[in-house]
Undergrad: 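Encoded as C-alpha cells, here's the structure I'll be asking about.
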Amino acid sequence: MSETSEKAVTFRGGGFAPKPKAWIGVAVFVVLIAIAEWGTQSGWISPLTLPKPSDVLETFRQLYTSGLLFQHLGPSLARLAVGATFGVSIGIAVGVLIGLFSHIRSGLVPLVAAIFPIPKIALLPLFVIWFGIGEGSKYALIAFGTFTPTVVATYGAVDNVDRTLIRMGQSFGLSWWSIVRKIILPGAMPGILSGLRISLAIAIILLVAAEMLGAQYGIGAYILEAGSLYDLERLFAGVVILSLLGVIVSTVIGFIERRMLGWRS
Amino acid sequence: MDIRLDGIGHSYDGFEVMRDITLDIPNQQIICIVGPSGCGKSTLLRFIGGLERPQRGQVLQLGNPPKDCLNPLTYIFQDFALLPWRSVTGNISLVLEDHGIRGAAAREIITDVLARTKLTDFAKALPKQLSGGMKQRVAIARALAVKPAVMLMDEPLSALDSQTRELLMDDLVSLWSRQPFTAVYVTHNLAEAVRLGHKVVVLSRRPGQIREIVEIDKPLADREFGDADLDAYQKRLWNLMRDEARAADEELLHV
C-alpha cells in the first residue's frame, strides 16, 4: 500500500445554467454594425446590397431634425396602443373563460385553432370593408393579430394554476368570484405575461401590414414607401425604429414581471 | 360538534377503494387515521370536509358548530397550499376577507394566530422566504384564524424533515393543550399517530376498511419522543399493518 497513487477527482458537473452577461448583447450589435460599416466603406459590400450604417444614421438624424420622426411615430404608437389593448384585453377575457368553463372551452378552442394560422395580413381588405379605410381597419388588424396568441397563452396559464390552491380556496369557503380573482388570476399571471411578449411582438409586425392601405403617416407607411422606391437608407432607418420599439416593449414587460412576479422562487 | 361517518364506500371507475367505513369523531379529540398507501385515507378526509362526494353512505354533522366559527371544517394540507404571491399576513387575511372581516378586526385575529404559532416576526415574509416548517406553521395559523370546529389534517408533517416534524408535533400538542380542538389527522407515520392521536384508526389496504381502532389513554401533554409505552403502541400498530403494507406495495397501480 506504499505506492498508492493520488489524483484529484475530475470535475464533471456545472454548466447548463446560462446567466445573462450584461454587455455581450451590446457588443454583438456593435461588432455587426462595425463589420457592415467597414465592408461598405472599403467596397467589398456593394451599396446596393446593404446601405452604409453611417448613412442610415444620417437619414435617421434628418428624420428627427425635420420633425417627421414624430409625425410618423405618433400615429403608429396610437395604432399599436389601441389595437393591442383591444386584442390583449379581449384575449385575456376569452382565455380565462376558456380556462374556467367546459362549454366555452369545447366551443372556442377549435375556433381559436382555426383562426390562429390565418395570416392576418390576408384579411386586411376584409377589415377595410368592415371597418373603413381609416383607423378602424388598422386597429382591427392589430387587435385580431394579438387576440389569438393571447387567448392561447391565457387559457394555458389558467390550466396550469396549481389545483391544490383552488381546493384550498374551496375548503375555506371562498366564493367562486374570490377564487377566480385571488387565486386563478394571480396564478395565471406569469403565463399571461410571457404570452404578452409574443402578442406585442406580433402587434409590431402587423403594424407595417396595417399601414399598407390608406396610411399617409406611420412607421409602416414610411418603410413601405422607402421599400417601393428601393431607398435602402430610409428602409433601414424605419426597420431600426421597429427593432427599438420591440426592445422597449420587451424591456417594459421584463420590468412588469420583476415588479409583479417577485414572489416566484 | 361531532362528526359521524355512516357506512362510507367509494369506487373509482368500478374499482372499489373504500368499503363500509363507520366512525364517530367526538368533540375535542384527535383521531388519527393510518393505513397502507392507496387505502383511501386522504380520499376519506376529502369526504369529511365536503371536497369530494362518497358514492355510498354519508358524513353527518352532529350538533351545531360554535357561534364564532367561520369555517367549521378546515383543512391543513400536506403541501401547505399557501398563495406564493401573498405574504404571511396576506395568506391569513385571504380566508377572512370572504367573511367580511377586514381592517382592525382582521388585524386582531391575525396578530393572535401569529402569536399562537410563533410567527409574529414573519408577518411580512413571502412563502418563498420560509422553510417548510414555517410554511406549515402559516397554514396552521390560517386554519386557526377561521376558528374551525374540526381540523382536517392531510399528512401535515409528511413534507418536512424529521427534526422539524418533532418541533411541529410539540407545537400541535401545546396548541391542543391550551385550547383542545377536534381533528382528523391522516398520516402514514405511526410515530405521529401515537404522539397526537387519542384514537388511532387502522385502515386495511384497498378497499379500505376499518381494521382496528386503538385508543391511547395517556394525555397528549405527557407524551414524549421515545416513550416506551408509545413505542409499544407503535409496534402494535405496525404489526397490524405490516402484511397489508407489503401487499399494497406489491400491487399494480390502476391509474
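Fair warning: this is a prediction, and the values are worked out from it, not measured in the lab. Side chains are part of it too, since the values below use all heavy atoms of this structure and drop only hydrogens, waters and symmetry mates. Chain letters run A, B, ... following the sequence lines, proteins first and then strands; every chain starts at 1.
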Undergrad: Could you tell me which portion of R142(B) (side chain, backbone, both or neither) has an atom closer than 4.5 angstrom to a non-hydrogen atom of chain A?
TA: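 Contact with chain A: backbone and side chain both.
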Undergrad: Is it the backbone or the side chain of L261(A) that comes under 4.5 Å from a heavy atom of chain B, or both, or neither?
TA: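 For L261(A), neither part sits under 4.5 Å from chain B.
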Undergrad: Any idea which of L51(B), L126(B), L152(B), L73(B) has the most non-hydrogen atom pairs under 4.5 angstrom with chain A?
TA: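 It is L51(B).
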Undergrad: Should we say atom CZ of R4(B) is surrounded by more than 12 heavy atoms from elsewhere, each under 6.0 Å from it?
TA: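 Incorrect, the count does not exceed 12.
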Undergrad: Using a 6.0 Å cut-off, check whether atom CH2 of W176(A) has over 12 heavy atoms from anything other than its own residue.
TA: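 Yes, the 6.0 Å shell around CH2 holds more than 12 heavy atoms from other groups.
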Undergrad: Once you round to the nearest 0.5 Å, how far does CG of L94(B) lie from CG of L174(A)?
TA: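 The CG atom of L174(A) is 5.0 Å from CG of L94(B), to the nearest 0.5 Å.
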Undergrad: Check each atom of L70(B) against the heavy atoms of chain A and say whether the ones under 4.5 Å are side chain, backbone, both or neither.
TA: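 Nothing of L70(B), per the 4.5 Å heavy-atom cut-off to chain A.
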Undergrad: If you take all heavy atoms of N71(B) and F172(A), which pair is closest and at what distance?
TA: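 Scanning both residues completely, I find the closest heavy atoms to be ND2-CA, 3.5 Å.
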Undergrad: Quick one: closest heavy-atom pair of F77(B) and S171(A), and the distance?
TA: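 Looking at all heavy atoms of both residues, the shortest contact is CZ-OG, 3.7 Å.
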Undergrad: Just so I understand: if I count every heavy-atom pair under 4.5 Å between each of H99(B), E97(B), R86(B), K128(B) and chain A, which residue has the most?
TA: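 Most heavy-atom pairs within the cutoff with chain A belong to K128(B).
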Undergrad: For a quick test of reading the model, state the closest non-hydrogen atom pair linking L83(B) to K182(A) and the distance between them.
TA: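 Minimum heavy-atom separation between L83(B) and K182(A): CD1-O, 3.7 Å.
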Undergrad: What residues of residues 138-170 of chain A sit under 4.5 Å from chain B when you count only heavy atoms?
TA: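 Residues of residues 138-170 of chain A touching chain B at under 4.5 Å: T164(A), L165(A), R167(A), M168(A), Q170(A).
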Undergrad: Just to be sure I understand the criterion: a residue of residues 81-109 of chain A counts if one of its heavy atoms is under 4.5 Å from a heavy atom of chain B. Which ones qualify?
TA: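 So no residue qualifies.
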Undergrad: More than 12 foreign heavy atoms under 6.0 Å from CZ of R178(B): is that the case here?
TA: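 Enclosed.
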